[in-house]
There are 2 protein chains.
Amino acid sequence: MAGVSVATVSRAVNGSGPVSLETRAIIDRVINESGFRPNSIGRQLKTARTHTIGVLVPSLKNPIFADAVNGIECAAQNKGYNVLLASSGYSTDRESSAVDTFLNSRVEGLVLTVADEEKSQALSSLSSAGIPFVLMFNPVKNSSYSTISIDNRKAAFELVCQMLKLGHRRIAMIAGKFSESDRSIERQAGYQDALRHYGIDQVLITEVGFENQDVSEQINALHEAKNPPTAYFCSTDVIAIATIRALTQIGKNVPTDVSVVGFDGISVGEWLTPSLTTAVQPAEQMGEWAMQHLIERIDEDVPVKNLVLPHQLRQGESLVNPPI
Amino acid sequence: MAGVSVATVSRAVNGSGPVSLETRAIIDRVINESGFRPNSIGRQLKTARTHTIGVLVPSLKNPIFADAVNGIECAAQNKGYNVLLASSGYSTDRESSAVDTFLNSRVEGLVLTVADEEKSQALSSLSSAGIPFVLMFNPVKNSSYSTISIDNRKAAFELVCQMLKLGHRRIAMIAGKFSESDRSIERQAGYQDALRHYGIDQVLITEVGFENQDVSEQINALHEAKNPPTAYFCSTDVIAIATIRALTQIGKNVPTDVSVVGFDGISVGEWLTPSLTTAVQPAEQMGEWAMQHLIERIDEDVPVKNLVLPHQLRQGESLVNPPI
DNA sequence: ATGAAAGCGCTAACAA
DNA sequence: TTGTTAGCGCTTTCAT
């Protein structure tokens, strides 16, 4: 339309070569008039670069992941990368199929949280595909993968020690399904470490689904026992909130009757009454770091890195001494 | 590698034509051994279909958007579509550039929430590009765009009427920046409708940024006046939560000293103490519907539709009679 | 400063 | 049942 070759248009659009002022003017005019848009697909095919990264999280309904994705997306935008998003709903099958899709779409890298690093079919595909990725939230196990996380076990240990120090002896753990979360497993280990440290062998663990809004059934079951727990350690803040609701429904007051502790440090925990005692993961920064590191690995072929951030215990009102 | 032509491989991989059992077996074997992955880019270029939709929201930090994106993503996955995600941070410039990127990536449709439909450069690009899109949360104005929303003005009117009915006469509105949200404008109109309906002409509107976690300054200013408000109407739940915090910081109790009402119906509002009085938008379903309708428009060229869902008022503890 | 042409990986006629 | 081939839109040498 501009009476020039496609090569010249390419050079004009990308500024990738010399174009005379006059031809550039003509091309600009024609582009505006015709509504021409360079087709990224063609460019991607030719250059073998997509400037796209894949992001896979279990669910956006948990603010810990929404915040992380927010951090990732902002960093990506800054660096000129596009974000393909998928959620797994904590299902390993959906993890694998999402990763397959990403790989076929030729994403240049991934940031993801999987159910369990060790059992992940998705991660095997990824490593054999040889494309860089960063695990987010998943604990470090195989140090040949880049990861960003906190020490879940230690944080859980410290949290439960606090509970024990206040005098709690019957502490139940409401754990997200172990098969769906290696974080949950680590936190459970920390819980047991703490009990053992205090010479207590009454472990009381109830697994619940992560998508479960209502844990009344499980809580009721625990409270019908002869010696109900005086405190609950929950493997996420979202589960802690559900636990508090369930307790309230059966007439238990938190924290006077029973204490509840969460994990994650989602910001709403602070505004609740009682505010949540929890361990804070800086989700948004973790997302940002993951993205930045991923881009380093893509562009500069930087080596794998395992970043374990210090966690932070947040004292809330939901944990007090046990009733006498 | 399998000793067959690319055409045969294509047929085998896609099941798009006859392939003998033996050749299929060979191809499968070679694919597994070599780690071959069909390149979507090539296919996309050839077929001129990307099976990708763009999603643009202001921010994932507000659960109303995170929930909506969650709904969109699930629906997309069900229908075999990929999701390219971007956030605008309530900036119209970033809206436009995200839409440009989407368009160049040849997304087949978009679901988006823009600052203001009427002033949106992004929407002009979109409509002239002739690709289907669905506005989410934005009120219906130009009915030639598909939209899914509630009647913001009416909901705000009803909410503020409730406040007036309880006896409040000095009601301030803490509004998200009008330039960043046409919802905020509509809700403000509903607020004024209600005041007018009760013959009150003391409108008291303070604009705040959406990303603003801390509204202490604005709240303090209002409370240093001779007759401070007895109630606050906030244009979102997130702002309402910030308002409650600011009030608490200056020693005001909600709701005994002052009432606060939000808008959106994010689920945490229910677990707060006091629980939030608000108007509920069913974000996840809105996302699902948006995605489903978008795909109808893509596949079957269904006409534009404007769906205005009934809103629902949620009675919470944050609204009571004004102190005597 | 510009153009011609090859080729990225794929699909879809068409031919055999 | 399989192969040959053109071409999707782009970038990039290599000529001119």
Side-chain angles (χ1 to χ4, degrees), chain A residues 1-52 80-82 84 100-108 129-131 298-299, chain B residues 1-52 80-82 84 100-108 129-131 298-299:
Chain A
M1 289 179 62
V4 297
S5 74
V6 289
T8 308
V9 176
S10 176
R11 282 186 282 255
V13 168
N14 301 310
S16 56
V19 180
S20 77
L21 284 176
E22 306 120 55
T23 18
R24 189 179 301 264
I26 299 177
I27 291 174
D28 284 350
R29 187 172 49 73
V30 173
I31 284 182
N32 285 329
E33 286 173 0
S34 64
F36 168 84
R37 285 184 174 281
N39 185 329
S40 299
I41 313 281
R43 172 210 289 256
Q44 286 175 18
L45 188 58
K46 175 66 192 176
T47 60
R49 292 216 56 178
T50 58
H51 289 281
T52 299
Y81 277 80
N82 302 322
L84 267 177
D100 275 345
T101 309
F102 286 158
L103 254 19
N104 291 350
S105 301
R106 296 300 190 266
V107 296
E108 299 186 9
I131 113 165
I298 295 171
D299 288 347
Chain B
M1 290 179 62
V4 296
S5 74
V6 289
T8 307
V9 176
S10 175
R11 283 186 283 254
V13 168
N14 300 311
S16 57
V19 180
S20 76
L21 284 174
E22 307 119 56
T23 16
R24 190 181 302 266
I26 301 176
I27 291 174
D28 284 350
R29 187 173 49 74
V30 174
I31 284 181
N32 285 329
E33 287 173 1
S34 65
F36 169 83
R37 286 184 173 280
N39 185 327
S40 299
I41 314 282
R43 174 209 288 256
Q44 287 175 19
L45 187 59
K46 173 65 192 178
T47 61
R49 291 217 55 177
T50 58
H51 288 281
T52 299
Y81 278 80
N82 302 321
L84 267 176
D100 275 346
T101 308
F102 286 157
L103 254 19
N104 291 350
S105 301
R106 297 299 189 263
V107 296
E108 299 187 9
I131 114 163
I298 294 170
D299 288 346

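The chains referred to below are lettered A, B, ... by the order of the sequence lines, with proteins before strands, and numbering in each begins at 1. Here the structure is a predicted model, which means the values were calculated and not measured.
Between the A/Thr50 side chain and the A/Gln44 main chain, no donor and acceptor come within less than 3.5 Å of each other.
Among the heavy atoms of the strands lying under 4.0 Å from B/Leu45 is at least one base atom, whether or not backbone atoms are also near. Using a 4.0 Å heavy-atom criterion, one finds that A/Ser40 contacts no nucleic acid atom at all. At a threshold of 4.0 angstrom between heavy atoms, the contacts of A/Ser16 with the nucleic acid are absent.
The base of D/dG9 has none of its N or O atoms less than 3.5 Å from a complementary donor or acceptor on the side chain of B/Arg106.
Screening A/Asn82, A/Thr101, A/Thr52 for a side chain to side chain contact (heavy atoms under 4.5 Å, CB included) with A/Val107, the sole residue that qualifies is A/Thr52.
The shortest side-chain heavy-atom distance between B/Tyr81 and B/Ile298 falls under the 4.5 Å cut-off. A 4.5 Å side-chain heavy-atom check between B/Phe102 and B/Leu84 finds at least one atom pair inside the cut-off. In this structure, the side chains of B/Arg37 and A/Asp100 come closer than 4.5 Å at one or more pairs of heavy atoms.
Here C/dG9 presents its C1' atom at 11 Å from NZ of B/Lys46, a figure rounded to the nearest Å. Rounded to an integer number of Å, the gap from A/Asn14 CG to D/dG9 C1' is 12 Å. When the P atom of D/dC10 is taken as reference, atom CD1 of A/Ile27 falls 13 Å away, rounded to whole Å. If you measure from atom CZ of B/Arg49 to atom C1' of C/dG9, you get 19 Å, rounded to the nearest angstrom. One interatomic measurement links the two molecules: CG of B/Asn104 to P of D/dG9, which rounds to 14 Å at whole-angstrom precision. Taking atom CD on A/Gln44 and atom C1' on C/dC10, their separation rounds to 14 Å, with Å as the unit. Between the CD1 atom of A/Ile41 and the P atom of C/dT11 there is a distance of 14 Å, rounded to whole Å.
Side-chain proximity of B/Thr47 to the nucleotides C/dT11, D/dG3, D/dT12 is greatest for C/dT11. Listed nucleotides: C/dG3, C/dC10, D/dG3. Nearest to the side chain of B/Thr8: D/dG3. Closest contact between the side chain of A/Ser5 and the listed nucleotides C/dT2, C/dA13, C/dG3 involves C/dG3. The side chain of B/Ser20 lies closest to D/dT1 when the candidates are D/dT13, C/dA13, D/dT1. For B/Arg11, taking side-chain heavy atoms from C-beta onward, the closest of the listed nucleotides C/dA13, C/dC10, C/dT11 is C/dA13. If you check D/dT11, D/dG3, C/dA1 against the side chain of B/Ala7, the one that comes closest is D/dG3. Side-chain proximity of B/Phe36 to the nucleotides D/dG3, D/dT12, C/dC10 is greatest for C/dC10.
Between the side chains of A/Arg43 and A/Asn14, at least one donor N or O sits under 3.5 Å from an acceptor N or O.
Checking B/Glu22 against A/Asn39, the closest nucleotide of DNA chain D that is more toward the 5' end is the one next to B/Glu22. Taking the nucleotide of DNA chain C with the nearest heavy atom to each of A/Val6 and A/Val19, the more 5' of the two is matched to A/Val19.
Of the side-chain N and O atoms in B/Ser10, none sit less than 4.0 angstrom from OP1 or OP2 of C/dA12. Dashed line: the shortest gap from a side-chain N or O of B/Arg43 to OP1 or OP2 of C/dT11 is under 4.0 Å.
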